[in-house]
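Here is the structure we will look at, set down as structure tokens.
The chains referred to below are lettered A, B, ... by the order of the sequence lines, with proteins before strands, and numbering in each begins at 1.
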Number of protein chains: 2
Amino acid sequence: MIPKKIPAPVSKRLALYHRCVNTLLNSGKDTTSSKELGERLSLKATQIRKDLSYFGDFGKRGMGYDLNYLKESLERVLGINKHWNIGIVGAGNIGMALSNYQGLTREGYKVVALFDRNPSKVGNFVGTQKIPIYSLDDICEKIRELSIEIGVIAVPANHAQAVADKLVECEIKGIVNFAPVKLYLDSVALEDVDISTSFKALTFRIQGGSCGGT
Amino acid sequence: MIPKKIPAPVSKRLALYHRCVNTLLNSGKDTTSSKELGERLSLKATQIRKDLSYFGDFGKRGMGYDLNYLKESLERVLGINKHWNIGIVGAGNIGMALSNYQGLTREGYKVVALFDRNPSKVGNFVGTQKIPIYSLDDICEKIRELSIEIGVIAVPANHAQAVADKLVECEIKGIVNFAPVKLYLDSVALEDVDISTSFKALTFRIQGGSCGGT
DNA sequence: TAGATTGTTAATCGATTAACAATC
DNA sequence: TAGATTGTTAATCGATTAACAATC
């Protein structure tokens, strides 16, 4: 479908472009340029043009990019031109916070269920959306019933791999892992959000060590 | 202090090594090798040796690495051989979840205060640690009083830059930003934890696009 | 037509990896 | 001594950027 090999850092940058395009649209503009995007994101204009060019010709020479068209195009590329149903495993601090997180809802991600192995939590409903907490035992059944496509792992590190294996068994399409542990999966897309790693990278820099980029 | 130029991805990998070393120690081992670490983290042994070599000679030829010594060394390099005091700005979902988050406490990060501009939240205490919520107006004063070195931004995107400017004015040492917006700072270390970007990178991959690494 | 800005090719830069001498 | 595994140099690979022809 997409022929050329795409550098790994591109997907994260596309998400940044999408965010920036939204900001520009909200400020009332209807056109932008790789130069403007580059200035706002502290990136080279060339890099932005190159990244976009992997997926199509979204601009007009001499004119720049139509913001609405660019937004739509980016949403198509990022797969957020549709809604995604999400199930969160682990109704602890992180799991609960995510289930109420506007940042996800606003982008078309919909948390439809939480799962926990603690019987005292099962049966409750979370947040303003009243998202139900189900037993971990029913996870495959609920994934099917509710058309859950993305699983979020928000359990302690020592349970994360078992949960991941279970999700794969339930034929989940992708996993976002918040547990501070490396997961071994094949054939399922995985993204890690390692909070403590970011803190360590920060203190590394504060305290002397120093790397190139951010 | 550290002479050679260190590639940007190294700091994140160091944090992974640290995590892996802890796991190995907990499993009762007291020695490891770049080969073993590489297998566990799906990285090349050479890369691990090279990364470590930027900071010292932590191994013994023919013998591998003493886990305790490697752990200590990594903690020194990452700056987690000391405790860091953290202040979280924004007592919403994310801010509250972070203030109770074991993953930080366990690594020597201590959340000592939250800040919010909502008067109905100010004066309350959060979680088992009874962390106080202060008014955003008092932030510089409290940062000094409580020796807060790291500020966490957990406010909506449209307030994030103002909060960041304030933190810099209060002479914070570093910032971890959870708001989905690009911040402009100079002279203060910044790490972004962009949750929705990770979800977008995931759906990008699920839905057809594909990049090299994870 | 002149000015602007794209999409793309080629050159550069930087990070990863293979190879190997050092040494436990 | 033979085997293992490090730390480091040199080669490779991949990502970024500069340059520019295409075109609005």
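Side-chain contact, A:Ser42 with B:Lys182: a donor N or O sits under 3.5 Å from an acceptor N or O.
The nearest pair of heavy atoms linking A:Thr203 to B:Leu78 is OG1-O, 2.9 Å. Here the shortest heavy-atom pairing between A:Tyr101 and B:Phe178 reads OH-O, 4.0 Å. Contact between A:Ala91 and A:Ile133 at its shortest, heavy atoms only, is CB-CD1, 4.0 Å. In terms of heavy atoms, B:Ile172 sits closest to B:Glu149 at CG1-O, 3.4 Å.
Along DNA chain D, the nucleotide nearest A:Gln47 and the nucleotide nearest B:Ala45 are compared for position; the residue whose nucleotide lies closer to the 5' end is B:Ala45.
For DNA chain C, the residues of residues 13-23 of chain B within the heavy-atom distance limit of 4.0 Å (strictly under) are B:Arg13, sorted by number.
The CD-P distance, from B:Glu36 to D:dA4, rounds to 16 Å in whole Å. Following rounding to the nearest Å, B:Ile48 (CD1) and C:dT16 (P) show an atom-to-atom distance of 12 Å. Note: CG (B:Leu52) to P (D:dT5) measures 16 Å, nearest angstrom. Going from atom CZ of B:Phe58 over to atom P of D:dG7 covers 9 Å, rounded to whole Å. Atom P of nucleotide D:dT6 and atom OH of B:Tyr54 are separated by 17 Å, given to the nearest angstrom. Atoms CG (B:Asp51) and C1' (C:dG14) sit 14 Å apart, rounded to a whole Å. Here C:dT6 presents its P atom at 12 Å from CG of A:Leu67, a figure rounded to the nearest Å. Distance, B:Lys35 NZ to D:dG7 P: 17 Å, rounded to whole Å.
Applying the 4.0 Å criterion to OP1 and OP2 of D:dA4, one finds that B:Tyr65 has every side-chain N and O outside that range.
In this structure, the side chain of B:Asn93 engages the main chain of A:Asn100 through a donor-acceptor pair within 3.5 Å. Checking side-chain atoms of A:Tyr109 against main-chain N and O of A:Ile86 turns up no donor-acceptor pair under 3.5 Å.
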Check: Using Watson-Crick and G-U wobble pairs with both distances under 3.5 Å, what is the 5'-to-3' dot-bracket string of DNA chain D, with [ ] for crossing pairs and | for pairs outside the strand?
Finding: ..||||||||||||||||||||||
Return the polar atom pairs (N/O with N/O) between nucleotides 18-24 of chain D and the protein under 3.5 Å, or none.
from: D:dA22; atom 1: O4'; to: A:Arg61; atom 2: NH1; distance (Å): 3.4
from: D:dA22; atom 1: N3; to: A:Arg61; atom 2: NH1; distance (Å): 2.9
from: D:dC24; atom 1: O4'; to: A:Arg61; atom 2: O; distance (Å): 3.0

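Looking at the side chain of A:Ser34, the nearest of the listed nucleotides C:dT16, C:dG7, C:dT6 is C:dT6.
Rounding to the nearest 0.5 Å gives a distance of 9.5 Å between CD of A:Glu39 and OG1 of A:Thr32.
For the pair A:Lys71 and A:Leu25, the minimum side-chain heavy-atom distance is below 4.5 Å. Between A:Leu202 and B:Trp84 there is no side-chain heavy-atom pair separated by less than 4.5 Å.
The aromatic rings of A:Phe58 and A:Tyr69 sit perpendicular to each other, their planes meeting at more than 60°, with 30° as the lower class boundary.
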